[in-house]
Amino acid sequence: MKIVADKNIPFLKGVAEAYGEVTYLAGADFSKEAIKDVDALIVRTVTHFGKELLEGSKVKLICTATIGYDHIDTDYCDAHGIKWTNAPGCNSGSVEQYIASALIVIAQQNGFLLKGKTIGIVGVGNVGKKVALVCEALGMRVLKNDPPREESEGGNEFVSLATIKREADIITFHTPLIREGKYATHHLANDNFFDSLAKNPIIVNAARGGIIDTSAIKKALIEKQISGTIIDCWEKEPNIDLEYMKLVDIATPHIAGYSADGKGNATRMSLEAIAEFWSLSKEPIKKIVIPQVENPIIDWSTLSGNKLEQAILMTYNPMEDHGRLVSNPPDFSSLRGNYPLRREYLSYTVEKVDNAEDKAILQKLGFIVK
């Protein structure tokens with residue numbers, strides 16, 4: 001079997017070779033010529049895979065090591081017998097960690113408590129569910145908006161977007177980018193959205209840049225319709241709007257889902273798709289090993305103030321990524337490509353926890369508790 005893989009997909013080299021002859025390319029180097037005689041592709045979001053690249057090729061399977069798949073022309077693939085897979089939920093824990101840490105930081109910066117605040121979660125899939133869990137653990141009131149789920153599941157779990165715009169102190173987006181149709185999300189946060197906010201909420205986007213209209217949110221910030229922003233996803237990446245970036249409280253280079261755990265999950269899911277498609281053993285995939293952090297022990301007894309918030313920040317503080325981006329915005333792509341090791345809660349052991357309720361919350365979030 002011949003496989004072409006994006007060279008920046010982590011933990012792949014030395015494992016993918018169990019399934020065939022592997023060529024590694026930079027995302028921008030995927031060309032019609034490079035893939036014409038290839039059986040499988042393992043890709044990221046850098047290149048668009050449609051008729052222009054795929055026509056006349058032998059490609060039978062495209063695996064994207066990402067949640068999103070708008071860089072794959074799925075209609076073309078479906079019509080031409082090319083199977084495609086994505087990695088749903090692979091980095092949901094990573095995004096949850098990012099959101100929790102960023103909310104803790106912005107609350108500290110602005111002198112308010114998260115406990116008792118109302119957060120509106122727009123999109124309650126793999127990521128949104130985990131964000132809801134951690135926000136509840138932090139003592140927040142959670143409002144959930146997900147029209148597709150509400151339509152299919154019914155019940156009273158969900159509220160309207162109008163309710164969120166009326167009641168939320170914080171609004172965070174976790175939807176896919178859908179450009180048209182009943183559940184379109186492209187520029188969901190537009191001028192009308194910001195004009196109809198009852199409060200002055202903090203806006204969070206760690207989903208897709210195009211969910212927020214850049215010109216609209218810039219206007220909202222300047223006119224104080226919103227009180228703060230946590231932005232990880234931008235329109236026109238990597239050439240982001242610098243005026244917008246300077247207005248943002250926490251600005252990061254699309255790395256919310258970049259934990260080593262999330263990357264490992266995505267790589268694992270891509271290789272599992274190859275194994276399943278060709279009825280091969282999944283045993284080689286067990287060779288994927290994720291490095292451990294240098295200091296995986298958190299001593300609960302030494303923490304002060306809100307101990308849960310402090311423990312979360314010990315696993316990740318977004319201000320380091322914020323500093324790297326705002327100091328050199330042209331490095332947007334390299335900051336993503338050379339992202340330092342970050343592990344999720346499951347890689348940390350919290351010791352000396354003497355309260356049963358604290359133990360239960362930490363374990364529910366994924367920490368190892370002793």
Side-chain angles (χ1 to χ4, degrees), residues 95-123 128 131-132 134-145 159-175 185 187-235 240-254 256 305-306 309 312-313 317-319 321-323 325-326:
V95 179
E96 175 216 314
Q97 178 190 42
Y98 173 92
I99 297 293
S101 299
L103 290 178
I104 292 165
V105 169
I106 203 168
Q108 292 176 348
Q109 289 176 343
N110 291 277
F112 67 85
L113 298 176
L114 290 175
K115 186 176 182 179
K117 291 293 185 183
T118 297
I119 185 166
I121 301 174
V122 182
V131 171
V134 74
C135 288
E136 287 167 354
L138 291 167
M140 303 178 75
R141 173 183 176 233
V142 175
L143 300 176
K144 303 175 185 177
N145 170 259
V159 303
S160 67
L161 189 59
T163 299
I164 283 178
K165 288 191 289 184
R166 185 174 60 251
E167 299 184 18
D169 302 297
I170 301 164
I171 301 174
T172 183
F173 294 94
H174 298 289
T175 71
T185 61
H187 285 187
L188 179 63
N190 54 19
D191 282 321
N192 180 64
F193 175 91
F194 292 111
D195 289 342
S196 58
L197 294 171
K199 295 187 174 182
N200 298 96
I202 292 168
I203 300 295
V204 185
N205 186 9
R208 287 289 182 267
I211 294 168
I212 295 178
D213 181 333
T214 300
S215 61
I217 195 171
K218 282 167 64 176
K219 176 174 171 284
L221 281 163
I222 293 167
E223 296 183 359
K224 308 297 183 183
Q225 291 175 307
I226 55 179
S227 59
T229 40
I230 298 167
I231 304 297
D232 183 57
C233 300
W234 313 74
E235 292 193 288
I240 65 175
D241 186 311
L242 298 185
E243 182 185 16
Y244 175 31
M245 183 198 74
K246 290 174 183 176
L247 293 169
V248 170
D249 294 270
I250 300 177
T252 52
H254 202 154
N306 188 313
E309 291 186 357
I312 289 172
L313 285 180
N317 190 323
M319 295 312 293
D321 287 320
H322 169 83
L325 177 61
V326 298

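Everything numeric here is computed off the predicted structure, so don't read it as measured data.
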*Drop me the distance from C233's SG to I212's CD1, to the nearest 0.5 angstrom.*
9.0 Å
*To the nearest 0.5 Å, how far apart are CD1 in I104 and CG in L113?*
12.0 Å
*Please confirm whether the backbone N or O of L188 pairs with a side-chain atom of T185, one donor and one acceptor, at under 3.5 Å?*
no
*For the pair D232 (side chain) and H254 (backbone), establish whether a donor and an acceptor sit closer than 3.5 Å, ignoring hydrogens and angles.*
yes
*Tell me, with the steps shown, if I211 and T175 meet side chain to side chain contact (heavy atoms under 4.5 Å, CB included).*
CA-CA 8 Å; I211 294 168; T175 71; 3.2 Å; yes
_Whether N317 side chain and M319 backbone form a donor-acceptor pair below 3.5 Å_ = yes
_Does any part of the side chain of T252, heavy atoms only, come nearer than 4.5 Å to the side chain of W234, both counted from C-beta?_
no
*Is a side-chain N or O of H322 found less than 3.5 angstrom from the main chain of A251, in a donor-acceptor match?*
yes
*Kindly indicate whether the side chain of T229, heavy atoms from C-beta on, has any atom under 4.5 Å from the side chain of L247.*
no
*Please assess F173 against V204 for the test side chain to side chain contact (heavy atoms under 4.5 Å, CB included), listing each intermediate value before the final yes or no.*
CA-CA 6 Å; F173 294 94; V204 185; over 6 Å; no
*L138 and I312: side chain to side chain contact (heavy atoms under 4.5 Å, CB included), yes or no, with the steps?*
CA-CA 11 Å; L138 291 167; I312 289 172; 4.2 Å; yes
*For residues V122 and H174, determine if any side-chain heavy atom of one lies less than 4.5 Å from a side-chain heavy atom of the other.*
no
*Answer yes or no: is there a side-chain heavy-atom contact under 4.5 Å between T172 and N205?*
no
*Tell me, do K218 and E243 make a side-chain contact under 4.5 Å, heavy atoms counted?*
yes
_Lys/Arg-Asp/Glu bridge criterion (N-O < 4.0 Å) met for K219, D213_ = no
*asked:* I'd like to check S160 versus T163 (side-chain heavy atoms, cut-off strictly below 4.5 Å). Are they in contact?
replied: yes
*asked:* Checking I170 against L103 for the side chain to side chain contact (heavy atoms under 4.5 Å, CB included) test, could you report, in this order, the C-alpha distance in whole Å, the side-chain angles of both residues, the deciding distance, and whether it holds?
replied: CA-CA 9 Å; I170 301 164; L103 290 178; 3.9 Å; yes
_Distance-only polar pair, side chains of Q225 and D195, donor-acceptor under 3.5 Å_ = yes
*Can you sort out the partners of L197 under side chain to side chain contact (heavy atoms under 4.5 Å, CB included), two or more places apart, ordered by chain and number?*
K165, I171, F193, F194, P201, I226
*asked:* Other residues, nucleotides and ligands only: do more than 12 of their heavy atoms fall within 6.0 Å of NZ on K115?
replied: no
*Separation of I230 CD1 from I99 CD1 (nearest 0.5 Å)*: 6.5 Å
*Check for a donor-acceptor pair, side chain of S101 on one end and backbone N or O of Q97 on the other, with a separation under 3.5 Å.*
yes
_Residues which pass side chain to side chain contact (heavy atoms under 4.5 Å, CB included) with A198, listed by chain and number, not counting sequence neighbours_ = R166
*Which pairs pass salt bridge (charged side-chain N to carboxylate O under 4.0 Å, His left out) with one or both residues in residues 198-208, sequence neighbours excluded?*
D70-R208, D169-K199
*Would you mind reporting whether L143 and I119 have side-chain heavy atoms less than 4.5 Å apart?*
no
*Shortest non-hydrogen separation from A102 to I250 and the atoms involved*: O-CD1, 3.6 Å
_Counting C-beta onward and ignoring hydrogens, is there a side-chain heavy-atom pair between E167 and R141 closer than 4.5 Å?_
yes
*Output the distance between atom CG (L325) and atom CD1 (I231), rounded to the nearest 0.5 Å.*
12.0 Å
*Using the side chain to side chain donor-acceptor pair (under 3.5 Å) rule, take T214 and E235 through it: C-alpha gap first, then chi angles, then the decisive distance, then the call.*
CA-CA 7 Å; T214 300; E235 292 193 288; 2.7 Å; yes
